[in-house]
Structure formats: C-alpha cells, structure tokens
Q: 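A single structure is presented below for examination.
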Amino acid sequence: KPFSNTLWLSGFTFQSSEFSYGYKPDADTWHPVRGEDRGLRWHLQSHDEFRLSPYAVPLAQALVEGGLPCAEVTFRTAAAEESIRLMAEKFPEMLVGAGTVLTVEQVDRAVQAGAEFIVSPGFDPEIVDYCLKKEIPVLPGCISPSEVAQAVKRGLKTVKFFPAEPAGGLKMIKAMAAPYTGLKFM
C-alpha cells in the first residue's frame with residue numbers, strides 16, 4: 001500500500017515506499033516507525049470521547065513533508081470539522097477533503113471548514129447533485145454497474161469503489177471498468 005493515514009486510538013502512521021512516519025500520543029514528535037510497526041494499517045475508532053483534532057496538524061505536517069499533501073478526513077467523529085479546518089488553515093498547499101459524508105448538511109459543514117472535495121460511501125443522488133450544483137468535487141461510492149451508470153450520466157470522472165473487498169476487490173473493479181473506459185475508480 002502506498003500509505004495509510006488512518007488513525008487508531010494508540011496512534012497513527014503513514015507510509016510510502018521509502019519511509020514510514022508515526023505519531024503516538026505519548027510521544028512529543030513524529031518519528032520514523034521501524035520493525036514490526038512498518039506495514040501496519042491503523043484505524044480510526046469513532047468513540048465520542050476520542051477527538052482527532054489534536055492529531056490533525058501533526059498528521060498534515062507529516063503528509064506534506066513526506067510529499068503526500070492530500071488527506072480525506074472522515075465524518076465519523078465529532079472532530080471532523082475542526083480537523084479539516086486546522087489542516088486547511090495550517091497547510092493551504094494541502095488538498096483536504098471530507099469522507100463518509102452522508103447528508104447535504106455535512107457537505108456544507110465540510111466545505112465551510114475548508115474541505116475541497118467530498119467522498120460518500122454510497123451513491124446518494126441528493127448529495128451528488130447538490131455537490132455538482134455547487135461545483136464541489138464529489139466522489140460517490142459505487143458498488144454496482146447501475147450506480148456507475150448514474151455517476152457517468154452526471155458527468156463524473158472518478159468514483160469510489162466501496163466497500164472494495166467484500167464486493168469482489170480488483171476483479172470486480174476490472175469487470176465494471178471494462179465498459180466505462182473513461183471512468184476512474186478510487
């Protein structure tokens with residue numbers, strides 16, 4: 001995997017083919033991650049008592065310094081808006097978006113916080129049409145040819161194949177992509 005910038009309660013890490021950085025709440029700074037830590041995929045647990053925002057700036061800094069100036073902050077925690085705002089303000093060169101967006105209200109909150117793109121887990125016509133009307137890049141989740149067809153009909157060039165593994169992974173993406181040659185799957 002080129003990198004992972006998701007978060008777990010005990011810390012987070014991201015990787016490229018050349019390096020790996022990690023941050024743990026008990027440490028003061030980012031540090032190289034070695035040994036068995038390398039290659040781990042860490043996940044954000046959405047517990048109300050856990051707030052991502054204290055980690056947003058160090059994560060954004062590491063991504064920018066590592067040459068990966070892009071992040072999708074999921075709307076799974078109460079800290080999503082604040083995290084997007086902090087990342088966008090401190091690192092204007094970074095492309096910051098909002099993921100797991102389920103309502104048009106969340107679209108508005110994410111964009112007001114500084115999100116430059118929206119990712120939804122499914123193809124919700126209301127969210128997609130709203131984003132298109134407001135000229136906000138949107139990447140809806142598509143799992144079937146019917147959803148892909150709706151995305152193509154609306155002029156979208158990229159969709160999110162989600163959930164990838166349970167839906168057949170790379171084999172399914174290749175099969176769906178065959179008739180939709182102008183469409184990219186993320």
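Keep in mind that the numbers below use all heavy atoms, side chains included, and drop hydrogens, waters and symmetry copies.
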Q: Working to the nearest 0.5 Å, report the span between CZ of R109 and CZ of F75.
A: 5.0 Å
Q: With rounding to the nearest 0.5 angstrom, report the CG to CD distance, L95 to E116.
A: 5.0 Å
Q: Nearest 0.5 Å, what's the CE-SG distance between M186 and C142?
A: 10.5 Å
Q: Please report the interatomic distance NZ(K174) to CZ(F185), rounded to the nearest 0.5 Å.
A: 13.0 Å
Q: Look at the side-chain heavy atoms of Ile, Leu, Val, Met, Phe, Trp and Tyr, link any pair under 4.5 Å apart, and say whether F123 and I118 land in one connected group.
A: yes
Q: Looking at side-chain heavy atoms only, is the closest gap between C131 and V107 below 4.5 Å?
A: yes
Q: Any chance you could measure K171, atom NZ, to M176, atom CE, to the nearest 0.5 Å?
A: 15.5 Å
Q: Of all the heavy-atom pairs spanning F162 and I143, show the shortest one and how long it is.
A: O-CD1, 3.3 Å
Q: Is any side-chain heavy atom of D124 less than 4.5 Å from a side-chain heavy atom of P140?
A: no
Q: Same cluster or not: are F117 and V111 linked, directly or through other Ile, Leu, Val, Met, Phe, Trp or Tyr residues, by side-chain heavy atoms under 4.5 angstrom apart?
A: no
Q: Would you name the heavy atoms of P163 and P166 that are closest together and state the gap between them?
A: O-CD, 3.7 Å
Q: Under a 4.5 Å cut-off applied to non-hydrogen side-chain atoms, are T100 and Q106 in contact?
A: no
Q: Closest heavy-atom contact between P69 and E93?
A: CB-O, 4.2 Å
Q: How far apart are the closest heavy atoms of A113 and E81, and which atoms are they?
A: CB-O, 3.5 Å
Q: Say you draw a straight line from CZ of R154 to CG of L132; how long is it, rounded to the nearest 0.5 Å?
A: 8.0 Å
Q: Taking all non-hydrogen atoms of both residues, which atom of T103 and which atom of I127 are closest, and how far apart?
A: N-CD1, 3.6 Å
Q: Same cluster or not: are L59 and M94 linked, directly or through other Ile, Leu, Val, Met, Phe, Trp or Tyr residues, by side-chain heavy atoms under 4.5 angstrom apart?
A: yes
Q: List the steps and the verdict of side-chain contact (heavy atoms from CB on, under 4.5 Å) for F91 and V96.
A: CA-CA 9 Å; F91 299 93; V96 181; over 6 Å; no
Q: Any link between L63 and I84 through a network of hydrophobic side chains (Ile, Leu, Val, Met, Phe, Trp, Tyr) touching at under 4.5 Å?
A: yes
Q: With the 4.5 Å side-chain cut-off for hydrophobic clustering, are V128 and I136 part of the same group?
A: yes
Q: Write down the atom of A151, the atom of V159, and the distance for their closest heavy-atom approach.
A: CB-CG1, 3.6 Å
